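Written below as structure tokens is the structure these notes are about.
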Number of protein chains: 2
Amino acid sequence: MKPSVGIRDVAQHAGVSNATVSNVLNRPDVVAPATRQRVLAAIEELGFVRNESARQLRAGRSRVIAYVVLDAANPFFTDVARGVEDAAREAGLALFLCNSASDDGREREYLELLHEQRVEGILITPVDAECAQIAERGTPVVLVDREATDGTRCSVAVDDVLGGELAVTHLIENGHTRIAMVGGPLSIQQVRDRREGAMRALTNAGLPADALTFLETKSLQVAEGRGAGERLVGLPASRRPTAAFCANDLLALGLLQSMTQQGLRVPDDLAVVGYDDIEFAAAAAVPLTSVRQPREQLGRTAAQLLLTENEPDHEHRHVKFQPELVVRASTAVKRRA
Amino acid sequence: MKPSVGIRDVAQHAGVSNATVSNVLNRPDVVAPATRQRVLAAIEELGFVRNESARQLRAGRSRVIAYVVLDAANPFFTDVARGVEDAAREAGLALFLCNSASDDGREREYLELLHEQRVEGILITPVDAECAQIAERGTPVVLVDREATDGTRCSVAVDDVLGGELAVTHLIENGHTRIAMVGGPLSIQQVRDRREGAMRALTNAGLPADALTFLETKSLQVAEGRGAGERLVGLPASRRPTAAFCANDLLALGLLQSMTQQGLRVPDDLAVVGYDDIEFAAAAAVPLTSVRQPREQLGRTAAQLLLTENEPDHEHRHVKFQPELVVRASTAVKRRA
DNA sequence: CTCAGGCGTTAAAACGTTTCAACATCGAGG
DNA sequence: CCTCGATGTTGAAACGTTTTAACGCCTGAG
């Protein structure tokens with residue numbers, strides 16, 4: 001609609017060459033103050049807006065990075081995204097946020113698109129662990145919340161085995177000897193790792209392996225947590241666990257709701273530990289004990305790592321953060337009085 | 001790093017001109033099958049990826065739209081975003097998701113950036129209602145969850161007055177005559193509208209205006225809901241409301257938590273109605289009655305409206321959806337038995 | 001045998017910027 | 001007076017596509 005004012009219109013209006021206008025835009029210090037003012041005035045007057053496409057085409061760079069997220073509706077990922085955004089912003093980069101929604105078709109499409117856009121780099125929490133999909137093709141890629149098994153790229157992750165261990169050790173210290181773990185599917189690396197950590201906690205405490213009852217769920221959603229609650233209550237009282245460790249907070253919230261509805265009390269009848277420590281965990285009716293991951297820092301570090309990819313002597317790094325247990329009411333010890 | 005294979009490399013490799021390659025990419029039907037195969041093979045072999053910058057520069061179009069969201073961490077907006085994404089995807093457009101985080105500086109920056117990128121259109125839930133900021137400059141803009149007061153652009157909103165009316169009417173029908181409304185700040189249009197609806201419900205039922213106690217909060221976050229809960233319980237029993245209508249679900253969840261902690265029961269001691277019907281509302285310890293907004297449809301419609309902007313005979317439209325009350329346990333009527 | 005017309009392909013001109021080498025201009029040092 | 005370097009500005013060549021008009025070829029009709 002608009003005749004689209006370009007750099008040469010500005011140049012003509014200011015009585016200089018287009019090269020000078022370009023300099024004002026990109027290296028303001030190199031042009032004489034008087035000229036600069038004149039050019040800026042012309043830009044203002046004509047309402048000129050630089051055309052990024054042309055700039056990119058010529059410069060080869062795009063000033064944009066992307067984060068392909070697994071589930072935009074999960075608070076965990078939105079928090080990670082915030083960390084990414086902050087870091088990107090500090091580096092003067094814009095952030096393209098894409099939601100694969102756990103669908104590897106979508107994921108592939110977005111990667112293709114991003115590559116066509118020639119983004120500077122891609123952060124991704126891939127749908128499948130293999131992530132063979134992510135053809136390198138020259139664009140730097142950093143894995144988020146997944147560990148790169150081969151050394152072909154950087155990754156930022158959290159020690160999930162330790163997280164599981166922390167959670168279950170806490171329960172054992174509170175006197176529990178029959179513990180349920182709720183989570184799944186087992187195809188998810190995180191779930192496997194957290195279970196492994198849980199087993200390790202048992203071993204450390206000298207408890208037998210069958211002290212842990214594993215209830216597998218189909219996904220990590222709230223509804224699955226409710227279902228697990230019903231299964232749990234259905235167990236014969238003699239075998240019923242007195243505590244549950246959930247693979248994420250959504251499951252834990254579902255479990256909590258299920259307990260309340262069935263007239264059982266948390267933590268008295270069942271202690272509950274979640275994972276992720278999302279905001280809603282602290283805000284639950286019974287505030288949830290949870291394993292906190294440094295979400296924002298995860299994103300921030302991933303972005304920073306991505307920025308180092310272009311350095312000549314870059315070596316791929318694998319950063320691993322430590323999770324931390326946040327104790328709240330859902331695992332409070334019974335008063336002895 | 002990579003020598004970046006271009007369309008002319010492909011052309012040379014396939015023994016055709018670059019125009020033919022371009023045709024294979026954009027109008028496959030116009031080129032002879034045999035040639036097409038040869039070109040496709042060359043593309044595959046060389047690992048060619050079209051350069052969007054160049055394409056855009058030439059074509060003037062970008063195949064990208066953007067949604068500038070007010071708070072990426074609020075489930076309401078992530079659901080709206082999903083609707084936008086679905087519609088965009090169907091139209092073959094990519095979606096640029098930007099988070100203004102209620103900061104009008106960020107919002108401005110993003111708008112500038114998007115304009116430089118020459119996106120096809122912008123969906124935005126603006127930080128301030130005035131939204132004078134959003135200089136038109138040729139890029140179509142559609143307001144989401146806000147009503148455009150002037151006729152300068154399209155908007156998609158939900159009838160918040162009706163929503164408030166539905167919520168409070170429901171409470172009145174359940175026998176409540178002292179009702180609190182929790183929400184704020186009043187600078188937010190939505191909060192004002194929902195309160196207006198609440199008042200209308202009182203009038204319809206022949207109740208006096210002071211049947212509604214308004215508790216203003218500083219934001220719409222969970223913590224504010226907790227604070228409101230404490231203020232509520234602090235009221236003398238004779239004046240204390242028996243029901244509360246919260247301006248959004250986050251407040252309602254906070255309120256719920258506060259009640260539980262103070263030993264009061266929902267809905268027996270206090271009935272609670274939320275707003276937005278986010279997933280966590282149904283998953284709360286006491287499932288929350290809430291006013292549901294057609295979130296995904298909101299986003300979907302906004303995107304579709306945006307697509308019509310370029311049509312020659314386009315007229316700006318203001319779509320307004322009806323909210324719907326979803327009744328759950330938090331307003332269950334006391335059993336009379 | 002010629003010619004019209006359809007089909008598939010192509011050469012070349014954009015698109016709006018960045019960049020590089022070259023070019024003035026001017027003051028200072030020899 | 002000449003040279004030199006510094007400072008500021010510029011012309012023109014890219015960047016990798018899309019697009020338009022023109023082109024050559026072939027077929028079938030006249």
Side-chain angles (χ1 to χ4, degrees), chain A residues 1-40 42-43 46-64 113 115-120 137-138, chain B residues 1-40 42-43 46-64 113 115-120 137-138:
Chain A
M1 27 192 85
K2 285 271 186 60
S4 179
V5 22
I7 210 178
R8 22 194 13 133
D9 301 298
V10 174
Q12 188 173 4
H13 196 266
V16 296
S17 80
N18 38 8
T20 298
V21 178
S22 178
N23 280 335
V24 170
L25 257 33
N26 302 301
R27 300 182 222 69
D29 46 305
V30 91
V31 46
T35 321
R36 196 191 321 161
Q37 287 311 324
R38 205 148 29 96
V39 172
L40 288 175
I43 287 179
L46 273 56
F48 164 79
V49 178
R50 166 211 266 136
N51 184 329
E52 263 295 315
S53 309
R55 183 229 244 289
Q56 269 183 46
L57 174 57
R58 173 64 226 222
R61 289 184 230 128
S62 68
R63 308 268 73 191
V64 174
L113 181 79
H115 204 235
E116 287 185 357
Q117 297 275 359
R118 300 289 193 272
V119 295
E120 285 288 86
R137 285 163 149 189
Chain B
M1 27 192 83
K2 284 271 186 58
S4 179
V5 21
I7 210 177
R8 22 196 9 136
D9 301 298
V10 175
Q12 189 173 4
H13 197 266
V16 296
S17 81
N18 37 8
T20 298
V21 178
S22 178
N23 279 335
V24 170
L25 258 32
N26 302 300
R27 301 181 221 68
D29 47 303
V30 91
V31 47
T35 322
R36 195 190 322 159
Q37 286 311 325
R38 202 146 33 95
V39 172
L40 287 176
I43 288 179
L46 272 56
F48 164 78
V49 177
R50 163 212 266 135
N51 184 330
E52 262 296 315
S53 309
R55 182 227 243 292
Q56 268 182 48
L57 174 57
R58 173 63 225 222
R61 291 184 228 127
S62 68
R63 308 266 73 190
V64 173
L113 181 79
H115 203 235
E116 287 186 356
Q117 297 274 0
R118 300 288 192 274
V119 296
E120 285 288 85
R137 285 163 149 188

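Order of the sequence lines sets the chain letters (A, B, ...), proteins ahead of strands, with each chain counted from 1. These numbers come from a predicted model, not from an experiment.
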Side-chain contact check for N23(B): nearest option of dC15(C), dT9(C), dT17(C) is dT9(C)
Do the side-chain N or O atoms of S22(A) get closer than 4.0 angstrom to the phosphate oxygens (OP1, OP2) of dT18(C)? yes
From the options dA13(C), dT10(C), dT18(C), select the nucleotide whose nearest atom is closest to the side chain of R55(A). dT18(C)
Looking only at dG16(D), dT10(C), dT9(D), the nucleotide nearest the A54(B) side chain is dG16(D)
Please determine whether the number of non-hydrogen atoms from other residues, nucleotides or ligands lying under 6.0 Å from atom CD of Q12(A) exceeds 12. no
Choose from dT10(C), dA12(D), dT10(D) the nucleotide whose nearest atom is closest to any side-chain atom of S17(B). dT10(C)
Check every atom of dG8(D), dT19(D), dT17(C) against the side chain of T35(A) and return the nucleotide holding the closest atom. dG8(D)
When you measure from the side-chain N and O atoms of R58(A) to the phosphate of dC15(C), is any distance below 4.0 Å, counting only OP1 and OP2? no
Under 4.0 Å: is that the gap between some side-chain N or O of R50(A) and OP1 or OP2 of dT18(C)? yes
N51(B) side chain near dT17(D) phosphate (N/O to OP1/OP2, under 4.0 Å): no
Nucleotide of dC15(D), dT9(D), dT9(C) approaching T20(A) most closely (side-chain heavy atoms): dT9(D)
Of L25(A) and R38(B), the one whose closest nucleotide on DNA chain C sits nearer the 5' end is R38(B)
Under 4.0 Å between a side-chain N or O of R27(A) and OP1 or OP2 of dT19(C)? yes
D29(B) or S53(A), whichever maps to the more 5' nucleotide of DNA chain C: D29(B)
Is a side-chain N or O of R36(A) found less than 3.5 angstrom from the main chain of P28(A), in a donor-acceptor match? yes
Compare the minimum distances between each of dT17(C), dA11(C), dT19(C) and the side chain of A19(B), then state the nucleotide with the smallest one. dA11(C)
